[in-house]
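Please read the structure below before turning to the comments.
Below, chains carry the letters A, B, ... as their sequence lines are ordered, and counting in each starts from 1. Note that the structure is a prediction, hence the values are computed from the model and not measured.
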Protein chains: 2
Amino acid sequence: MANNELDSRKMLILKAIIDDYIESKEPVGSRTIAKKYDMGLSSATIRNEMADLEEMGYLTQPHTSAGRIPSEKGYRLYVDRLMNLKEQGIEPTSEELGDIKSHMQHKISELSEQMRMASEIVSRLTDYTAILVSGSGRRSMKIKALQTVPVETGKALILIVLDDDTVKNSLVSIDSAITPEMLMRISVQCNLLFAGHRVEDINLDMIEMVAESTGVPRMLLYPIVEGIVACIRKAENTEVHTEGASRLLAHPEFNDIGKARNVLELLNKEDLLADMIQECSSAGGLVVRIGSENKIQDLNDCSVVTASYSVNGVELGTIGVLGPTRMDYSKVISALEYVRKGLEEGLGKKPKAE
Amino acid sequence: MANNELDSRKMLILKAIIDDYIESKEPVGSRTIAKKYDMGLSSATIRNEMADLEEMGYLTQPHTSAGRIPSEKGYRLYVDRLMNLKEQGIEPTSEELGDIKSHMQHKISELSEQMRMASEIVSRLTDYTAILVSGSGRRSMKIKALQTVPVETGKALILIVLDDDTVKNSLVSIDSAITPEMLMRISVQCNLLFAGHRVEDINLDMIEMVAESTGVPRMLLYPIVEGIVACIRKAENTEVHTEGASRLLAHPEFNDIGKARNVLELLNKEDLLADMIQECSSAGGLVVRIGSENKIQDLNDCSVVTASYSVNGVELGTIGVLGPTRMDYSKVISALEYVRKGLEEGLGKKPKAE
DNA sequence: GTTAGCACTCAAACGAAGCGAGTGCTAACA
DNA sequence: TGTTAGCACTCGCTTCGTTTGAGTGCTAAC
């Protein structure tokens, strides 16, 4: 109490309490600590220290005659300085590393698919819900290729391939006066003009140029332009995907059906999720948001850990793990880092271009 | 008891009981029926009839001193012969008809997207969970167009457009010896050969023909073939999508967190869902499965109503509604039929090709 | 500074009492 | 013969008091 900095014994006790609480899910008393983590102290001493820790705001009591549980401040300290990352705990799941690797070798799939797989693995590993926000957000992406494909009379498919091999397409109806041959010319011109450019570079002038160089009346070109715009919109839209929502119900803090429902409903609101996750990701790397640090009300007794992934400078997306405040932070962080390795290894092979 | 066929009065009473139970969610007693649905009978008489109905297996009692609730047999009769479809109850949501219509006019999107929207509307309308199984299942689909598109050196995009305007694509790595020009020839040949054919008609002979007519070494052609196969696999895979899972939690029968969890977990098992929904759809039109009529154990106190949709002979998919056995069958069926109109209208316009 | 001991607190578990919705049965009535 | 009034009975739910026990805070001794 003399100092508001924690001495190392208090730290040790706090760590023990949080470790135990994460494992047992029950408020932890002084006796438990004295017995289980023998640090040569009696329960009475621990009790005194606990009282101090509570006064300093690291612990709270659900009610007078119960044990202590960590406060948000306690968790924060734990995450920042106390917990030890257990790398060994994850090893047995190396079958799953096989999973992700083999999937990537099998064929070059869209990155977002790989991310999806990664998020599933994270969710399985941690037993919490994973939230995947893939795609570049509003960031700038180059167009690798753009094509218009005749489907049948009066219909064409517009498709663009982006930097990260994401494919976007949009089916439009076109004037039946446009022959496949004309379409081909349009396709070639568009490709020439747009390929290598950023999505946001495309403007009406460029479209005008296509009209001129192909000789196709501008009116007839219009639906095609609309298709291109639709593709761009799709590409700009970040994709949101959640994995393992039902896993949340396994944790006792969601026994209250009302809470569970609030959170599950939130998981359907993709825009909110995307904002939340991307905001975190801006800091880059790993971010932990504990309890009320989350801006979303319904998550006030949840924590979210997010990790952003990018390989070779290309941003793949962000995976967030959502669980109760009493989550196993160590396990979650290990899982997220673990998947990072998997993703990078899998993608490192790609440039070989065998 | 003399006859094991129900006289019309028993029917009326049974209907009243089930109607009331669906609305109130509580076991219903004889007094309630006598008062609320005045059919000129005293509670005592109703009581006698109820005893008969119970003996015949249409009703059960949760415990001696409670009211009656319908048995599965009761629900079955109700669905088959007693309930009246309330079409008026749905009308106020005609804003949502606007929704679906405008979305369809805005641009020709993949059918599966439209179905997705439809399933969302059904879920919102009914407050239960909607399960969408789109795509043709194992059924035979014609290929409308097939294209290979160069993306960059060493990479090509294979894409096929199917009967129902579903677009499938697959990115493959190809030998860098294949020039865009060669790829173009391959593309034209493949399109010529495969367009108009069913997915399962494609065989190795046809691929051999492509190799011959384009002069591309068969070894180099191999990755492309793999891409095509991948596309086909994707097309064969029925897509499963669930909408509004969290809505289930609003209903009292899912207050038991264990039950809720079982069902929510089931909703992640796409293969099981697809099997279940498609099996129903085989009968065509509307199918109601009550309680243990569902083969899946976890759904033994749920009901599933499925409707299959096809327009112009093209099968779009099936939407299933999952809710507690005590679901508002009438509302669910109305909603499914209602969306049918929306889908058909929206698609009826398409052939106009404006 | 640490520890043993003791009085105290309070949520959770248990159980008895009362309530009340609903039933089945019997007897009277049309 | 079908309907109804009346009444005793059942039984799940709620309420409320009691007990239990894990855990605390405090004090006094080491």
| task | Provide the Watson-Crick or G-U wobble partner of C:dG1, both distances under 3.5 Å; none if there is no partner. | result | D:dC30

| query | For D:dT19, what is the paired nucleotide under Watson-Crick or G-U wobble rules, both distances under 3.5 Å? | reply | C:dA12

Nearest-Å distance for atom pair [atom1]/[atom2], residues [X] and [N]:
| X | N | atom1 | atom2 | value |
| --- | --- | --- | --- | --- |
| A:E49 | D:dG25 | CD | C1' | 15 Å |
| A:M39 | C:dT2 | CE | P | 13 Å |
| A:E26 | D:dG21 | CD | C1' | 14 Å |
| A:Y21 | D:dG23 | OH | P | 14 Å |
| B:Q61 | C:dG22 | CD | C1' | 8 Å |
| A:D52 | C:dT2 | CG | C1' | 14 Å |
| A:L59 | D:dT24 | CG | C1' | 14 Å |
| B:D20 | C:dG22 | CG | P | 10 Å |

| task | Take A:R9 and A:E49 through the test salt bridge (Lys or Arg N to Asp or Glu O under 4.0 Å) and record every step on the way to the result. | result | CA-CA 9 Å; A:R9 195 175 74 177; A:E49 296 287 42; 2.5 Å; yes

| request: Taking all heavy atoms of A:A260 and all of B:L249, pick out the closest pair and write down the distance. | output: C-CD1, 4.3 Å

| query | Is there side-chain contact between A:K269 and A:D271, with at least one heavy-atom pair below 4.5 Å? | reply | yes

| note | Protein heavy-atom contacts under 4.0 Å, written 5' to 3' over nucleotides 4-11 of chain D as B (base), S (sugar-phosphate only) or - (none), form the string BBB---BB

| query | Is it true that a side-chain atom of B:S123 and a backbone atom of B:Y128 form a donor plus acceptor pair closer than 3.5 Å? | reply | yes

| said: Under a 3.5 Å distance rule, please check whether A:N294 uses its side chain to pair with a backbone N or O of A:I296 as donor and acceptor. | reply: no

| query | Which is it for A:D19 and A:Y37 under the side-chain hydrogen bond (donor to acceptor under 3.5 Å, both in side chains) test, yes or no, and what are the steps along the way? | reply | CA-CA 10 Å; A:D19 278 339; A:Y37 308 76; 5.7 Å; no

